[in-house]
Amino acid sequence: MKDFNGFNPKKLPEGEPLSPGHRACQGCGEILALRQVMKALGSNVIVASATGCMEIVTSPFPQTAWRVPWIHVAFENAAAVISGVESAYKVLNRKGRIHQPDVVFLAYAGDGGTADIGLQALSGALERGHNFVYVCLDNEAYMNTGIQRSSATPYGAMTTTSPPGKKSIGQRTWKKNVAAIAAAHGIPYVATASPAYALDLMNKVKKAAMVPGPAYLHIYSPCPTGWRYPTDLTVEVARLAVQSKVFPLYEVIDGQWILSRKIAKPKPVSEYLKLQRRFRHLTETEIERIQARVDAEYEELLKRCVTPEKEGKASKETEE
Amino acid sequence: MGKRVGMEVSIAAAEMVGLCDVDVIAAYPITPQTHIVEHLSELVADGHLDAEFIPVESEHSAMSTCVGAAAAGARTFTSTSSQGYALMAEICYIASSLRLPIVMAVVNRALSAPISIWNDHADLMMSRDTGWIQTVAENGQEVVDLLLHAFRVAEDHRVLLPAIVNLDGFTLSHMIEPVLLPDEDEVKRYLPPYRPRLRLDPEKPMTFGPVGMPEVYTEVKKAQDEAFKASYPVIVETWDEFAKVFGRRYRPVETYKSEDADVIILTMGSTSETAMTAVDKMRAEGKKVGLVRLRLWRPFPFDELYQALKGAGAVAVMDRAMGFSGGAGPVCTEVKACLYDRAFYPYIQNYVAGLGGRDITVENFEEIHDKLVASMKRGDPMGYEIINVRE
Amino acid sequence: MELGCTLVEAGSASKLKTGDWRSMRPVTDFDLCIKCGQCYIFCPDMVYSRNEEGYYIANYYYCKGCGICARECPKDAIKMVQEGD
Amino acid sequence: MIEIRFHGRGGQGAVTSAELTALAAIEQGKFAQAFPSFGPERRGAPVMAFVRVSDTQIRTREKVYSPHIVVVLDSTLLQIVDVEAGTGDDGLVVLNTRMSAPEVREQMGLKRRLALVDASTIAMETMRVPITNTTMLGALVKASGLMPIEALREPIRNRFGPIAEKNMAACLRAFEETIVED
């Protein structure tokens with residue numbers, strides 16, 4: 001990390017490895033995050049995609065939005081597929097059959113493909129130490145199939161399989177912390193990121209690609225369709241998630257936890273929740289419960305983290 | 001010239017895969033496949049084979065990793081059995097649809113429940129329609145030869161499909177027997193280096209596995225089916241070439257004393273050897289019985305099978321898996337369909353035997369023969385019957 | 001059809017017009033624009049590109065009209081206007 | 001074709017005995033099969049292993065039901081396993097024991113022709129371990145004339161590496177000391 005140079009906000013790479021003409025929803029926060037990821041990675045990359053929105057909207061035959069090599073195999077196995085690609089490049093380079101030693105390998109999946117059905121393949125690939133970047137584009141439910149709950153759906157959220165009702169407050173469980181699970185594998189790089197903090201996100205992607213071995217990025221990806229907010233609020237919702245401590249930004253570099261930005265004057269969680277109709281059934285009591293949980297988790301995170309010198313400056317953040 | 005050595009068949013299989021200079025092996029242990037991948041990991045560990053051995057966390061990931069590696073241009077191999085095969089089945093379909101020439105040894109074993117580590121063909125039948133070329137070995141030599149052939153035919157640019165070599169668990173995989181392993185030069189003469197036609201390459205970016213809308217899905221499947229059918233003559237051709245290099249000839253359908261036979265027993269897999277001994281015995285007793293063995297299971301050898309059976313008055317088809325169709329087992333169903341299409345209707349009975357490690361003996365084949373003849377005389381076809389079972 | 005229905009023309013989706021998904025259209029007032037590029041970096045549809053003078057210009061061929069650019073513009077230089085107006 | 005059945009306990013090397021017999025026969029240009037009983041047996045449990053040796057290609061995958069020769073690595077098995085099961089009148093039992101032939105017949109009720117050797121003592125004295133698998137191969141070869149005793153040297157060397165010489169020494173000593181009934 002010593003040689004790391006961040007992106008210059010005035011001179012971002014112009015290339016778009018992911019082309020326009022894709023069929024993501026208006027205001028899609030997931031494709032926005034993916035676009036930023038790809039901008040940071042450039043074109044010397046091979047991508048393995050899980051099944052999900054990003055797969056469907058970028059690859060309907062005969063058009064593809066991909067300007068870099070891309071493969072989709074199934075839902076739960078992006079990490080295993082990229083393991084194969086990476087290993088093939090390793091051995092073919094070693095045997096002199098190709099001369100492409102610097103290719104970056106990226107696997108991405110949604111929260112369902114990461115936290116649920118793909119967790120085993122992800123854990124296997126992280127544990128084996130393949131040199132790849134894994135990105136979870138977390139929009140907190142199975143959006144591709146019609147907004148069903150996943151283990152990454154937050155407490156209280158309404159989905160089509162966690163509907164609120166007389167005997168239900170919506171999602172009954174608290175969000176699974178996959179970034180912490182990834183960090184528990186002892187891999188060299190783990191980070192959380194948000195498209196609202198684009199430069200921070202891109203710098204983290206760059207670091208993830210730079211480290212030898214596996215890197216895991218958990219990227220918050222607002223979904224106007226599934227979360228039920230107006231399409232122009234995508235970045236605002238993403239920003240509020242960070243500012244309300246709902247989705248704190250941090251890195252885990254070689255086991256050391258580093259907070260990317262300290263939230264000194266956090267906004268109340270209610271401000272974040274009220275923008276989204278998936279939470280509109282929540283009572284004051286439930287919102288208080290969520291606030292308490294968010295506060296406790298943030299405190300827990302702070303204890304683990306090296307404190308940045310100055311608020312908002314930990315990763316040379318410029319926007320906001 | 002290669003050397004004739006005594007060797008466990010699994011070890012010989014691994015040695016052969018090593019001789020094929022495979023690039024990536026991704027595998028998960030399951031009995032009775034384990035010895036194959038253990039030995040491959042040893043070959044890599046000792047530096048005898050320059051390959052990436054990826055000890056994945058499941059069979060599903062084994063096949064997924066092979067798909068990724070093959071798409072990146074590597075020669076890939078995996079091996080599995082039974083439950084593991086069932087777990088990876090989802091990706092097997094995708095491997096063939098993506099036209100990736102992965103080679104797999106399936107060490108055939110029963111499917112649960114009850115859990116059985118022993119041999120039958122339940123796993124083979126479960127995955128019969130995944131779009132993989134599938135051959136079936138009867139002895140250790142054939143395992144070795146068919147593996148080499150599998151790489152050759154899978155990677156042929158007229159084919160580009162994945163290929164499976166089936167070998168019976170334990171009764172074949174764990175047998176120590178003489179095997180003639182070719183030397184490196186012979187292998188090289190028969191198997192050229194793998195040159196992928198398309199691969200994941202940042203210098204030539206392509207999209208593998210796009211979404212198939214209803215407007216294209218049928219066309220994609222038609223193209224795959226045509227490629228699958230077109231593999232048949234290439235399989236035969238590369239076997240003929242194999243015969244020229246190694247002197248051993250393989251055919252999609254193999255026969256034994258069947259030319260003048262009134263009754264033909266039809267088998268698949270290592271039990272065919274026992275069946276040959278049974279045929280010899282029955283011939284000595286004056287029974288006009290012969291044997292037809294399926295070497296190629298997919299694509300199914302319709303014409304060759306008809307040619308092999310067309311003189312027979314009666315056929316006893318052996319299945320080593322339950323059909324659970326309420327009728328005949330999977331091999332018999334296929335055989336009947338084949339003959340029906342050619343308007344040839346011999347007397348056919350189906351005998352299910354050898355489930356979950358139940359031995360199939362010479363005596364069982366005599367019993368099958370006698371049952372068939374008796375049933376024909378009585379004229380009361382049973383359809384199918386389980387042999388050697390306690391009531 | 002290519003082998004395994006692989007798509008060999010990279011980025012061919014860029015021919016697809018997604019602009020007709022739009023009912024509202026972003027219009028930039030370049031007098032207010034400070035060339036900060038927020039519209040560019042927050043656009044999910046790669047609509048904006050920088051011209052020689054450093055201003056960000058919308059490509060309506062792709063713009064789906066989500067309005068993120070207008071919402072995020074720190075100078076309120078981008079307004080969403082009804083298509084057809 | 002000769003069929004042989006080995007009886008031992010899991011961990012005693014019965015499977016290795018069977019393998020080495022087949023490998024040696026194959027080295028001699030013969031055809032052979034060796035296979036274990038494929039069970040889930042673990043260390044200590046009674047296990048079996050099988051060998052077929054033939055001058056012509058072997059074309060059967062049946063289990064061995066009627067062995068011509070039975071090799072018993074551990075005489076305590078006689079009390080729990082019918083080691084003569086499936087053998088014919090001309091069958092041969094090669095047994096690791098200190099007892100004499102009459103004693104074996106009287107105490108264990110064995111009926112077939114016997115070949116006896118105190119393999120446990122030989123193994124302890126030669127190799128300092130009570131593992132009798134290679135020792136019993138010497139007895140098997142002596143009793144059966146299946147192959148020259150030297151045919152075992154190469155397979156034993158390949159299998160045992162640094163301790164091959166001791167194994168071969170035990171094997172040779174058993175070959176000398178085995179008493180075969182007429």
Side-chain angles (χ1 to χ4, degrees), chain B residues 3-12 31-32 35 107 109 115-119 137-141 167-180 256 267 269-281 291 293 320 353-354 356-365 388, chain D residues 1 3-6 13-42 47-66 86 133 137 146-147 151-159 161:
Chain B
K3 192 171 176 266
R4 180 184 184 269
V5 282
M7 203 180 258
E8 188 187 306
V9 170
S10 290
I11 307 300
T31 304
H35 290 188
V107 186
R109 164 185 152 181
I115 187 164
S116 163
I117 59 169
W118 294 275
N119 168 230
E138 294 172 1
N139 59 42
Q141 189 62 55
L167 63 147
D168 286 318
F170 291 120
T171 51
L172 189 46
S173 65
H174 284 50
M175 190 68 69
I176 287 173
E177 60 184 62
V179 173
L180 195 66
Y256 185 72
T267 55
S270 65
T271 192
S272 302
E273 297 210 322
T274 313
M276 280 186 245
T277 301
V279 165
D280 287 346
K281 191 168 173 230
L291 182 68
R293 299 120 64 199
R320 302 204 53 199
R358 178 67 49 88
D359 202 17
I360 302 175
T361 62
V362 169
E363 222 168 65
N364 289 150
F365 285 107
N388 195 10
Chain D
M1 184 167 69
E3 294 185 314
I4 309 166
R5 185 170 68 215
F6 288 80
V15 177
T16 306
S17 293
E19 286 180 19
L20 291 169
T21 308
L23 293 175
I26 293 165
E27 283 280 317
Q28 296 288 301
K30 291 176 188 268
F31 293 86
Q33 290 177 339
F35 51 102
S37 49
F38 308 144
E41 293 89 353
R42 297 297 196 248
V47 296
M48 292 186 284
F50 307 93
V51 175
R52 289 191 175 98
V53 178
S54 171
D55 292 328
T56 55
Q57 192 179 347
I58 298 168
R59 271 202 308 224
T60 182
R61 300 280 162 185
E62 273 186 1
K63 290 174 183 161
V64 169
Y65 292 97
S66 311
N133 56 354
L137 289 180
L146 211 53
M147 61 185 82
L152 284 164
R153 190 175 289 278
E154 201 55 31
I156 285 178
R157 182 179 302 161
N158 290 338
R159 170 59 63 100

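Throughout, protein chains are lettered first and strands after them, A, B, ... in sequence-line order, and every chain is numbered starting at 1.
At a 4.5 Å heavy-atom cutoff, the contact between Tyr256(B) and chain D is made by side-chain atoms alone. Proximity to chain B is limited to the side chain of Tyr65(D), based on heavy atoms less than 4.5 angstrom apart. Of the atoms belonging to Ala32(D), it is backbone heavy atoms, and not side-chain ones, that fall under 4.5 Å from chain B. At a 4.5 Å heavy-atom cutoff, the contact between Met175(B) and chain D is made by backbone and side-chain atoms alike. Interface remark: Val362(B) contributes backbone and side-chain atoms alike to the contact with chain D (heavy atom separation under 4.5 Å).
The structure places CD of Gln57(D) at 9.5 Å from CD of Gln141(B), a figure rounded to the nearest 0.5 Å. Put simply, NZ on Lys63(D) and OG1 on Thr361(B) are 10.5 Å apart, with the number rounded to the nearest 0.5 Å.
For the residue pair Asp359(B) and Arg61(D), the shortest heavy atom distance occurs at OD1-O, 3.9 Å. Considering all non-hydrogen atoms of both residues, Ala22(D) and Ile176(B) come closest at CB-CG2, 4.2 Å.
Checked options Val279(B), Thr274(B), Thr277(B), Asn139(B); the residue passing with Arg59(D) is Thr277(B) (criterion: side-chain contact (heavy atoms from CB on, under 4.5 Å)).
By the 4.5 Å heavy-atom criterion applied to side chains, Phe35(D) and His174(B) are not counted as neighbours. Here the side chains of Glu62(D) and Glu363(B) are not in contact, with every heavy-atom distance at 4.5 Å or above.
Counting only distance, with no hydrogens or angles, the side chain of Arg4(B) and the backbone of Ile26(D) share a donor-acceptor pair below 3.5 Å.
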